[in-house]
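Notes follow once the structure below has been shown.
One-based numbering along the sequence shown. Computed from a predicted model, the values in this text were never measured in an experiment. Whatever order the structure lists ligands and atoms in, that order sets their numbers, starting from 1.
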Amino acid sequence: MSQPRVRTIVVLAAGEGKRMKSALPKVLHPLLGRTLLGHVLAAAAPLAADRTLVVVGHGADQVSGHLTEVAPDASPVLQAEQRGTGHAVRIALDAVPDQAGTVIVINGDAPLLRPETVKALVEAHESAGAAATVLAAEVGDPTGLGRIVRDEAGRLEQIVEERDASPAQRAIREINAGIYAFDAARLRDTLGKLSTDNDQGEEYLTDVFGLLVATGEPVGVHVAADATETLGCNDRVELASLRTLLRDRVNTAWMRAGVTLLDPATTWIDVTVTLDRDAVVDQNTQLRGVTTVGAEAVVGPDVTLIDTAVGAGATVLRSHAVSAEIGPRASVGPYAYLRPAARLAEQAKVGTFVEVKNSDVGAGAKVPHLSYVGDASIGARANIGAATVVVNYDGVAKHRTTVGEAAFVGCDTTLIAPVEVGAGAYVAAGSAIDKDVPPGALGVARGRQRNIEGWVARRRAGTRSAEAAERAQAGAPRAQDGSAEDTRLGGGSASQGEAIHATTDAGGAGPAKGDTATE
Ligand code: UD1
Ligand code: CA
């Protein structure tokens, strides 16, 4: 009969992390897309253990709340007083009295641990039939860590904490990574024998090894192939260097998978992000959360995308997006701000100093400059002129705005919601639109212009404006006199030959810059 393979994972996360000097429990500090604890749980997840117990203490409510979000199958176990790592594991095992088989214990502050390494540790442990196996690593600077003490034959004798170590033991550079596999029954027995006779007066989990050796039980050491995986996090300087190491690991993997990173040193990609082949990420770019980047999209420089989907072939330049969708071959920026539920369809354009929130921008539609689009639907191939503002909020409630397919909204328009501009309709520049514009109609809602001849000479005599006006009037031919302005920009009604100057956009669906649209 084969051995039962019931496995339990115990993650130790009750410590305060004093040296972090933080109100946030140490294991909840974020690191490229997950908390420290989240990384540890992700490294253990492929083992598909029957149970995952997380020992919580400092900030127990916060840590338990985080678990509900990221690992609902894991159970918190409270260690009210932090009396050492051995004490923590003892409390965890008390919560699962029927536990047999393998117990894996992982310090909650080892975020660079790889799943393969945990698996290899467990396999080495189970195939050797050991009572306990520790993950070890050879490091350049072992300061602060527990040392692996071996006998002449190279067998593990004990693990000694630095503060309890002799000078000879301190010279050892093989360290305890804080990740272990145990046989449950023998672990339980031995935990009952731990003393607190050490420099910290705590129950050390590491003492289990010496005690097992003393009773002739087989123990093992599994040496990690990559020592950086075993690095813990005790203060914010270490956190920053872990972040750099993880960034390099993530970036290297994406480059090997066919993504171009123009400046990996300034590119920060969360472990939860995915990129397709031939995507290009330019410098100073952060891709966070569940962001996805499609094939041949170009993102950056100077872009932050959080939980945002970028379609194939899209470009995003010097912009910030949160929970947005950027369609295939769409174009964003420079200096755009996409807020939650901004959805840009294929080939849509959201340009310079444009903010979009909870709105659909249809296929090929353009919002090129200086606009706010909130709670709106912009139809396919519509053109929204510069400085158009959707007035979505009346101080109490938000209202929807709809702009139909291939509609043409002139510059400096306010669309006062709820309102609808029909398909193919035009809106005159400078309008404040609060009534629907039917399909194909021109909506005009602005004051008429009147010019008061000679006003500057009379009311601003002696100013440089008055002097310039005088020069212009003296030297200029009659046709360039002020009255010409009246016919170009004046406010006659549309039926009298209204000059619209609807847009500044030279491309796209509407008239080019400087064109007039007359009915
Ligand atoms: C521990 C090991 C040390 C090893 C190092 C690797 C012991 C005695 N020492 O030292 O050999 O080299 O990890 O990083 O185990 N915790 C609890 N409850 C407690 C105490 C700690 O849950 O009562 C948790 C902490 O939150 C932390 C983990 O256990 O996640 C390790 O505790 P920490 O105090 O950081 O141990 P180290 O001194 O680093
Ligand atoms: Ca530690």
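For atom 3 (C) of ligand 1, the nearest non-hydrogen atom from the set Glu203, Arg163, Glu161 comes from Glu161. In this structure, of Gly84, Ala110, Ala136, the residue bringing a heavy atom nearest to atom 23 (O) of ligand 1 is Gly84.
At least one donor-acceptor pair under 3.5 Å links the side chain of Arg188 to the backbone N or O of Leu93. No donor-acceptor pair under 3.5 Å is formed between the side chain of Arg19 and the backbone N or O of Asn234. With hydrogens and angles ignored, the 3.5 Å screen pairs a side-chain donor or acceptor of Thr285 with a backbone N or O of Gln283. Panel note: side chain Asp50, backbone Arg7; a donor-acceptor pair is recorded below 3.5 Å. Judged purely by atom type and a 3.5 angstrom limit, Thr252 uses its side chain to pair as donor or acceptor with the backbone of Asp248.
Residue contacts with ligand 1 for Ala88 involve side-chain atoms from C-beta outward but no N, CA, C or O (heavy atoms, distance under 4.0 Å). With a heavy-atom cut-off of 4.0 Å, Gln79 touches ligand 1 through its side chain alone. At a 4.0 Å heavy-atom cut-off, ligand 1 does not touch His87 at all. Under 4.0 Å from ligand 1, heavy atoms of Leu12 appear from its side chain as well as its backbone.
When each atom of ligand 1 is checked for a heavy atom of Gly108 under 4.0 Å away, the hits are 30 (O). Below 4.0 Å from some heavy atom of Ala14 lie the following atoms of ligand 1, by number and element: 17 (C), 18 (N), 22 (O), 26 (O). Close approach of ligand 1 to Thr85 (heavy-atom distance below 4.0 Å) involves ligand atoms 7 (C), 8 (C), 15 (O), 20 (C), 21 (C), 29 (O), 31 (C), 32 (O). Of all atoms in ligand 1, numbered sequentially from 1 with element shown, those under 4.0 Å from a heavy atom of Ala177 are 6 (C). Numbered from 1 in the order shown, with element, the atoms of ligand 1 that lie under 4.0 Å from a heavy atom of Ala13 read 22 (O), 26 (O).
Considering both main-chain and side-chain atoms, Asn176 comes within under 3.5 Å of ligand 1 through a nitrogen or oxygen pair. The distance criterion of under 3.5 Å between nitrogen or oxygen atoms is met by Gly15 with respect to ligand 1. Checking only distances, Leu205 never comes within under 3.5 Å of ligand 1, N or O to N or O. Between Gly146 and ligand 1, an N or O atom pair is found at a separation short of 3.5 Å.
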Check your understanding: Where do Arg147 and Asp164 land on the salt bridge (Lys or Arg N to Asp or Glu O under 4.0 Å) test, with the steps shown first?
Key -> CA-CA 10 Å; Arg147 308 295 205 277; Asp164 304 303; over 6 Å; no
Exercise for review: Would you sort out whether Glu16 and Lys26 count as a salt bridge (Lys or Arg N to Asp or Glu O under 4.0 Å), showing the intermediate values?
Suggested key: CA-CA 6 Å; Glu16 179 182 7; Lys26 174 166 83 176; over 6 Å; no
Practice item. Take Glu126 and Thr102 through the side chain to side chain donor-acceptor pair (under 3.5 Å) test and state the conclusion after the steps. Key: CA-CA 8 Å; Glu126 288 179 350; Thr102 301; 2.6 Å; yes
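Other residues, nucleotides and ligands contribute at most 12 non-hydrogen atoms within 6.0 Å of the CG atom of Asp197.
Not a single heavy atom of Gly57 lies less than 4.0 angstrom from ligand 1. Using 4.0 Å as the threshold, Ile175 has no heavy atom nearer than that to any atom of ligand 1. In this structure, Gly232 falls outside the shell of residues with a heavy atom less than 4.0 angstrom from ligand 1.
Checked against the 6.0 Å centroid criterion, the rings of Phe209 and Tyr204 do not qualify as a close aromatic pair.
Looking at Glu202 and Arg83, no side-chain N of the basic residue comes within less than 4.0 Å of a carboxylate O on the acidic one, giving no salt bridge.
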